[in-house]
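Residue numbering restarts at 1 for every chain, and letters A, B, ... go by the order of the sequence lines.
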Amino acid sequence: MNRKELEHIAHDWFKQQNWEPFPFQKQTWTAFLQGKNGLLNAPTGSGKTYALWVPIVLEYMKRHPNYKSKPQKGLLAIWVTPLRALSVEIKQAAERFVKDLDVPLTVGIRSGDTSTKERAAQKRNMPSLLITTPESLQLLLATKGYDKIFKNVIGVVVDEWHELVANKRGVQMTLALSRLNAISPSLRTWGVSATIGNLEQAREVLLGVDKERVANSVLIKANIRKKINVLSIIPKKIEKFPWRGHLGLHLLEDIIPILEESQSTLIFTNTRSQCEIWFQNILEKHPEFAGDIAMHHGSMSRETRLWIEQALREGSLKIVVCTSSLDLGVDFAPVDTIIQVGGPKGVSRFMQRAGRSGHQPGKTSVIYFLPTHALELIEASALIKAVSNTVVEDRVPYLNSFDVLVQYLVTLAVSDGFYPETIYPEVKSTFCFQTLTAEQFQWILNFITLGGQSLQAYDEYKRVDIESDGKFKVNSRAVAMRHRLQIGTIVSDSVLNVKFLKGGYIGSIEESFISKLRPGDVFTFAGRQLELFRIRNMQVLVKKSKQKNAKIPNWMGGRMSFSSEMSHLIREELYLLNSNNADKSKELKALEPILIRQNKESLVPNADEFLIETFKTREGYHAVFYPFEGYFVHEAMGSLLAYRLSLLHPISFTIAFNDYGFELLSDQPIDIQAILDNNLFSSEYLRSDLEKSINASEMAKRKFRDIAVISGLVFTGFPSKLVKSKHLQASSQLLFGVFEDYEPDNLLFQQAFTETFEHQLEEGRLQLALMRINSQNIIWKSCAKPTPFSFPIITDRLRAKLSSEKLADRIRRMTIQLEKS
DNA sequence: GACCTGCTGCGGGTTG
């Protein structure tokens with residue numbers, strides 16, 4: 001049978017399903033059958049799964065013409081998905097396909113949900129097509145004789161590659177790929193990705209830095225444009241609409257008609273507590289929705305979440321209030337409407353959420369944007385434009401994640417052991433470790449065998465032995481076991497499990513929240529009123545309660561900052577505000593009263609202007625700056641400017657910031673002229689000034705917590721008996737301190753700082769922002785009172801008390817004040 | 001006068 005004939009079979013099959021084959025499918029089949037690697041860019045719900053199952057099966061038929069009488073045993077292809085939740089759907093698709101085609105191939109799943117028994121059975125007899133997660137694949141590499149499992153694999157497909165490419169799970173994935181490539185000579189690597197700004201780079205990350213290999217691969221773009229209809233909910237009376245806030249409950253009644261008219265609706269909120277609040281408020285004001293409404297977020301028990309997902313699929317739920325937990329994965333066909341409450345902070349996140357509705361080829365997605373404060377109308381306007389111009393963010397890959405490399409090398413040492421001279425070039429071929437030097441690699445080897453320089457005295461850090469032939473191998477069963485338990489790059493937050501007294505797991509909650517409650521107190525969680533009974537063994541035992549006005553928990557999650565694309569779009573919209581342009585969006589027009597007020601008290605900047613406002617209140621002297629660059633950049637820029645100002649003249653500040661700008665507050669007048677005369681926005685000496693200006697060590701210490709866990713320096717405990725997170729924090733801090741004092745050139749210690757500057761403070765973006773400000777005219781407005789622009793920032797400070805002043809300075813200042821009075 | 005904050009994802013031993 002030749003390739004053409006085989007393709008016909010597949011085409012016929014597609015016809016039988018009444019599916020219109022997309023052009024990219026044939027292109028993908030051809031490239032795969034030619035032995036090429038590649039990246040397929042296709043939206044969800046476009047049949048992309050089949051685009052890659054088909055050629056894998058075709059290749060199998062081609063290789064084994066008498067496959068019916070003599071089916072090939074062992075693993076043929078691996079499908080990696082970042083979400084367990086997707087495994088079942090992919091498995092069903094694959095099974096249906098091989099069954100209809102009558103090919104004797106077996107399909108299996110291997111993930112955390114797979115039982116020990118099944119896992120063992122699988123190891124004896126691997127399915128032909130294995131669906132797994134990056135972590136479970138890594139665990140397979142920690143198995144004795146893994147090379148035999150993988151030696152005949154012809155294809156690895158990494159699904160949702162855009163989700164992995166910019167984090168450590170992606171790094172881990174590429175390390176595994178580097179090994180598989182060496183084991184299996186006819187392996188093809190394929191990624192499937194949603195549209196992202198840097199698709200070309202995503203391909204390079206997937207395939208490694210070998211230029212020839214990348215040049216011989218293909219990048220296939222599906223070119224299917226999903227129609228998205230964005231509608232914003234505009235407050236009827238902007239004068240009474242708050243200048244700040246994040247909940248958006250003022251507009252609750254405005255969405256009721258939308259809920260009633262839609263078959264089913266997802267309401268996306270930005271935080272878990274906001275999700276709880278919206279759910280509760282809708283039910284309170286519209287009890288008629290009871291039974292039709294549910295909520296879904298990451299701290300709720302998996303059981304409840306799965307139930308809700310199933311109900312959505314079946315169309316038996318009308319409304320689900322959720323967080324990012326429903327961004328991805330499972331496709332809910334009956335959902336026809338999306339409501340986004342508050343700014344989504346990034347264009348791709350917004351589009352991703354919009355895409356949850358009308359999830360069928362050819363259908364239009366509908367998303368409503370509900371602003372939670374006045375300035376978010378600018379965001380609404382910007383998002384509408386972004387969607388029609390298909391602006392998408394880059395996903396920036398990690399570089400030199402030594403913690404992941406340490407884990408990977410121990411993984412290899414746990415199974416069959418490794419020879420550095422074989423593994424070094426493989427590691428170096430990955431995007432993440434392309435600049436890894438022989439010295440650095442040697443340092444890592446020393447680290448896993450001796451525990452590095454400062455931990456040499458402790459046996460527990462000597463995990464790997466060097467055997468007489470030079471093989472690196474773990475011989476201790478205890479070390480191997482602990483390592484397997486801790487494979488992966490996701491480090492969980494410190495949480496307590498919430499359970500009913502009579503049993504029944506509800507979800508997880510932050511230690512910091514629950515410690516403020518006493519037995520008998522009532523709180524709301526997962527939409528229920530719960531009375532705290534007692535806390536025991538990291539478990540919160542509760543009873544049902546009917547009491548109203550319960551406290552709502554907050555979780556300490558990651559903070560979302562504007563993406564650089566989003567910041568850019570916001571500025572573009574802002575610059576339109578002053579124009580009398582007739583085609584100004586209705587969102588911007590609605591802002592008119594606030595615009596008039598801002599222009600009266602201060603000014604709305606144009607494209608060539610950078611605004612600084614100063615005013616005095618009873619709190620002190622305020623200076624507010626508006627780069628519109630997002631929270632993270634403002635955090636860094638605020639500290640930088642405060643530091644540089646204090647060099648000119650001793651002064652101390654309190655700094656506040658949000659996505660729009662930052663504020664310096666002092667008890668002395670702030671010399672803005674000095675900022676202008678001394679070029680304090682210069683991007684020169686950025687890193688060294690930044691290092692001196694912020695408490696980099698404190699931030700790095702927090703980053704180091706994850707690094708310590710991933711690299712195996714800190715053990716998070718056995719499944720049944722988790723180590724208390726406080727202990728975890730303590731030991732990672734202890735180690736941080738040791739390295740700081742005795743081994744500052746420790747690569748893991750240094751990595752904590754690199755991550756702080758590059759990922760937390762976004763040094764690269766800060767640099768660009770400073771350059772932009774330097775090219776603008778700085779307009780300094782001395783205002784009589786807080787302006788609409790400054791109000792959200794200065795009130796934010798009342799919550800987050802972040803001070804640049806040292807305790808000693810503060811005490812000194814307070815004493816002087818006392819003396820004066 | 002304006003203000004209830006901070007997402008998501010995975011994994012959990014061995015042998016005959």
I need the single residue from A:F657, A:F562, A:F662 that forms a ring pair (Phe, Tyr, Trp, His ring centres under 6.0 Å) with A:Y631. Which is it?
A:F657
Which nucleotide, [options], lies nearest any side-chain atom of [X]?
| X | options | result |
| --- | --- | --- |
| A:I277 | B:dT5, B:dC4, B:dT8 | B:dC4 |
| A:N167 | B:dT8, B:dG9, B:dG11 | B:dG9 |
| A:L139 | B:dC3, B:dT8, B:dG12 | B:dG12 |
| A:L247 | B:dC4, B:dG6, B:dG11 | B:dC4 |
| A:N554 | B:dT8, B:dC3, B:dT5 | B:dT5 |

Less than 6.0 Å separating the ring centroids of A:F789 and A:Y626?
yes
When the ring centroid of A:H634 is compared with that of A:Y660, is the distance short of 6.0 Å?
no
Between [X] ([atom1]) and [N] ([atom2]), how many Å, whole number?
| X | N | atom1 | atom2 | value |
| --- | --- | --- | --- | --- |
| A:R244 | B:dG6 | CZ | P | 13 Å |
| A:I509 | B:dT5 | CD1 | P | 15 Å |
| A:R349 | B:dG6 | CZ | P | 16 Å |
| A:E276 | B:dG6 | CD | C1' | 14 Å |
| A:W555 | B:dC4 | CH2 | P | 17 Å |
| A:Y408 | B:dG11 | OH | P | 19 Å |
| A:I131 | B:dC10 | CD1 | P | 16 Å |
| A:M560 | B:dT8 | CE | C1' | 10 Å |

Want to settle it: does A:N281 or A:R110 sit nearer the 5' end of DNA chain B, counting the closest nucleotide to each?
A:N281
DNA chain B: A:G245 or A:R353, which has the more 5' nearest nucleotide?
A:G245
When you measure from the side-chain N and O atoms of [X] to the phosphate of [N], is any distance below 4.0 Å, counting only OP1 and OP2?
| X | N | answer |
| --- | --- | --- |
| A:S492 | B:dC10 | no |
| A:R84 | B:dG11 | yes |
| A:N270 | B:dT5 | no |
| A:T323 | B:dT8 | yes |
| A:R597 | B:dG1 | no |

Sequence neighbours excluded, the answer for ring-ring contact (aromatic ring centres under 6.0 Å, His included) partners of A:H297 is A:W555
Sorted by chain and number, sequence neighbours left out, ring-ring contact (aromatic ring centres under 6.0 Å, His included) with A:Y408 holds for none
Begin with the C-alpha distance, continue with both residues' side-chain angles, and end with the deciding distance and a verdict on salt bridge (Lys or Arg N to Asp or Glu O under 4.0 Å) for A:K345 and A:D659.
CA-CA 9 Å; A:K345 311 283 179 187; A:D659 273 327; 2.5 Å; yes
Under the side-chain hydrogen bond (donor to acceptor under 3.5 Å, both in side chains) test against A:S299, which residue among A:R305, A:R272, A:E276 passes?
A:R272
Counting any heavy atom closer than 4.0 Å, what does [X] reach on the DNA or RNA strands: base, sugar-phosphate only, or nothing?
| X | value |
| --- | --- |
| A:T489 | nothing |
| A:H373 | nothing |
| A:G488 | nothing |

Does the side-chain ring of A:H246 lie flat on the base of B:dC4, meaning centres under 5.5 Å and planes less than 30 degrees apart?
no
Donor-acceptor pair under 3.5 Å: do we get one between A:S111's side chain and the base of B:dC10?
no
Under 3.5 Å, is there any donor-acceptor pair linking the side chain of A:R169 to the base of B:dT8?
no
If we check salt bridge (Lys or Arg N to Asp or Glu O under 4.0 Å) with A:R169, which of these qualifies: A:E160, A:E163, A:E135?
A:E135
When rounded to the nearest 0.5 Å, the distance separating CZ of A:R179 from CG of A:L177 is 12.5 Å
Going by the glycosidic torsion and a 90 degree boundary from 0, is the base of B:dG13 oriented syn or anti?
syn
Anything under 3.5 Å between a protein N or O and an N or O of nucleotides 13-16 of chain B, put it in a table, one pair a line.
unit_1, atom_1, unit_2, atom_2, d
B:dT14, O2, A:R477, NH2, 3.4

